[in-house]
Amino acid sequence: MAKSKRIGILTAGGDAPGLNAVIRGFGKTSMGHYGWEIIGFRDGIQGLVENRSIALDRAALSGILTVGGTILGTSRDKVQKYMVDGEPRDMTSTVIQNYQKNDLDALVMLGGGGTAKNAKRLADAGLNVLVLPKTIDNDVAGTDVSFGFATAMEIATDAIDRLHSTAHSHHRIILAELMGHKAGWLTLGAGIAGGADIILIPEIPYDVSSIVEAIKGRSARGSTFSVVAVAEGARDVSDSADLEAASLLVNSARSPEERRAAKAHLANVTDSQREHTFKLARELEAATGLESRVTILGYVQRGGTPCAADRLLATRLGAAAADMVADGQFGYLVAARGDSTEPVPLEDVAGKTKLVPPDHEWVATARKVGTELGN
Ligand code: F6P
């Protein structure tokens with residue numbers, strides 16, 4: 001008889017709806033279908049480094065399909081740059097020791113591009129690792145979609161719907177700021193679904209005058225209100241250029257000193273652009289004469305029960321991951337591909353971000369229905 005396996009699972013990075021549904025999907029398939037034992041590390045990489053785990057038995061998995069957040073806790077710690085007394089340390093060997101201490105056959109990590117980077121290092125060090133794509137931003141490379149995105153899009157769309165009626169009643173411009181520092185999938189998807197009049201995403205730097213023109217055009221046609229869906233990472237052309245130049249300096253730094261200075265400069269630029277949605281609101285109010293208001297949706301988009309699409313995706317990915325462990329397939333992202341799943345090598349995912357291509361079909365669709373994209 002084949003030796004029963006013992007698998008570790010953890011959730012890393014920002015939480016997203018569906019994490020518990022994946023834990024359940026993976027756990028139930030592993031225990032019920034394959035007869036393995038599962039342990040869950042607490043608080044992401046932190047629990048892996050500090051060897052803090054709990055047994056995930058049938059009772060622990062019961063009733064968690066619909067629960068938001070993660071029953072394991074999460075953190076944004078990194079294996080190679082783990083902060084100890086304010087200094088980054090490489091904890092790869094500690095993680096390997098803990099993997100061995102726990103007699104693990106595999107480690108399943110639920111996270112995004114950063115988690116894939118950590119996982120790749122562990123895979124390179126010889127551990128049997130799999131990653132499952134999580135994030136409300138939908139920016140994990142190599143997968144059609146990530147769990148958490150569909151729920152966040154529902155929440156953001158509902159907010160845009162509600163903002164419409166109040167914007168309409170008061171003849172105001174309302175700017176709904178949605179999550180997404182680098183990727184605009186959530187703002188674009190919810191913006192189209194909610195019928196936002198203007199959609200601003202990080203991948204398409206905006207020109208304030210184009211937005212003003214669009215709003216004035218709406219007023220001339222009798223619509224004396226506008227709803228703007230704006231991603232937290234969306235910037236006007238000039239701010240976007242400053243940010244890109246500062247990021248390039250960090251990436252091209254040739255010495256630790258140069259890198260430190262470039263990082264400090266980037267922090268200053270980022271700081272100077274804080275509250276950019278409020279700045280845009282003031283500019284629009286001044287140029288159009290319409291009162292402007294800002295609603296920042298923030299963490300509401302990450303919380304609460306996952307929608308049906310995310311529960312289904314999470315369960316499929318969890319079950320597929322258990323099958324891959326059974327087949328001895330490691331070093332992969334368990335990607336969603338159409339109605340199926342597919343192993344994608346971690347080197348194609350690690351540290352990468354899937355951005356909205358400016359010629360993407362969603363962008364073209366938004367333009368066709370008359371939505372202003374700020375350029
Ligand atoms: O990556 C998901 C995300 O929700 C982003 O959209 C957002 O910018 C970021 O996390 C916020 O991170 P934190 O939880 O560290 O504040």
Side-chain angles (χ1 to χ4, degrees), residues 10-20 22 43-46 68-70 72-78 81-83 109-119 131-143 145-160 175-191 199-204 229-235 239-240 243 247 266-267 269-271 273-278 294-307 310 313-314 333 349-356:
L10 60 80
T11 55
D15 70 323
L19 282 165
N20 291 325
V22 175
D43 305 326
I45 302 290
Q46 220 179 79
T70 160
L72 293 174
T74 186
S75 71
R76 291 197 184 272
D77 293 292
K78 302 181 177 90
K81 289 183 183 162
Y82 193 82
M83 299 309 283
M109 302 167 79
L110 280 46
T115 303
K117 209 165 160 183
N118 284 299
V131 173
L132 278 73
K134 163 241 63 167
T135 173
I136 66 162
D137 293 352
N138 197 32
D139 62 356
V140 180
T143 182
V145 70
S146 301
F147 61 88
F149 174 62
T151 306
M153 195 158 60
E154 288 291 339
I155 297 167
T157 301
D158 179 60
I160 293 171
L175 297 92
E177 186 189 285
L178 309 182
M179 274 186 165
H181 269 302
K182 293 206 170 118
W185 296 107
L186 180 57
T187 304
L188 184 58
I199 299 177
L200 305 173
I201 61 174
E203 295 88 339
I204 305 178
V230 50
E232 62 184 328
R235 294 289 182 275
D239 280 357
S240 168
L243 204 57
S247 305
L266 177 60
V269 172
T270 309
D271 217 42
Q273 295 184 6
R274 269 223 177 108
E275 313 226 313
H276 61 95
T277 304
F278 289 94
V294 173
T295 295
I296 297 183
L297 224 54
Y299 296 93
V300 167
Q301 294 159 101
R302 279 190 357 204
T305 189
C307 68
D310 269 336
L313 175 65
L333 172 84
V349 181
K352 300 208 169 118
T353 308
K354 182 180 74 179
L355 299 179
V356 177

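We number each residue from 1, following the sequence as shown. All ligand and atom numbering here is 1-based and tracks the order in the structure.
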Ala229 and Thr187: which non-hydrogen atoms are nearest, and at how many Å? O-CG2, 3.5 Å
Of the backbone atoms (N, CA, C, O) and the side-chain heavy atoms from C-beta on, which set of Gln301 has a member under 4.0 Å from an atom of ligand 1: side chain, backbone, both, or neither? neither
In the protein, which heavy atom is nearest to atom 16 (O) of ligand 1, and how far is it? Tyr299 OH, 2.4 Å
Below 4.0 angstrom from a heavy atom of Gly180, which ligand 1 atoms are there? Numbered from 1 as shown, please. 6 (O)
Between Leu178, Asp137, Asp139, Thr135, flag the one that comes closest to atom 5 (C) of ligand 1 by a heavy atom. Asp137
With distance as the sole test, does Asp310 use its side chain to make a donor-acceptor pair with the main-chain N or O of Gly148 at under 3.5 Å? yes
Tell me which protein heavy atom sits closest to atom 15 (O) of ligand 1, plus the residue, atom name and distance to 0.1 Å. Arg76 NE, 2.9 Å
Name the option, out of Arg302, His181, Met179, that contains the heavy atom nearest to atom 10 (O) of ligand 1. Arg302
Protein contact to atom 7 (C) of ligand 1 [nearest heavy atom, distance to 0.1 Å]: Glu232 OE2, 3.3 Å
Taking the side chain as every heavy atom from C-beta outward, state whether Val349 and Lys352 have any atom pair closer than 4.5 Å. no
Quick one: are Phe147 and Leu110 in side-chain contact, heavy atoms under 4.5 Å? yes
Does a side-chain heavy-atom distance below 4.5 Å link Ile296 with Thr277? no
Side chain to side chain, Pro202 and Val356, heavy atoms closer than 4.5 Å: no
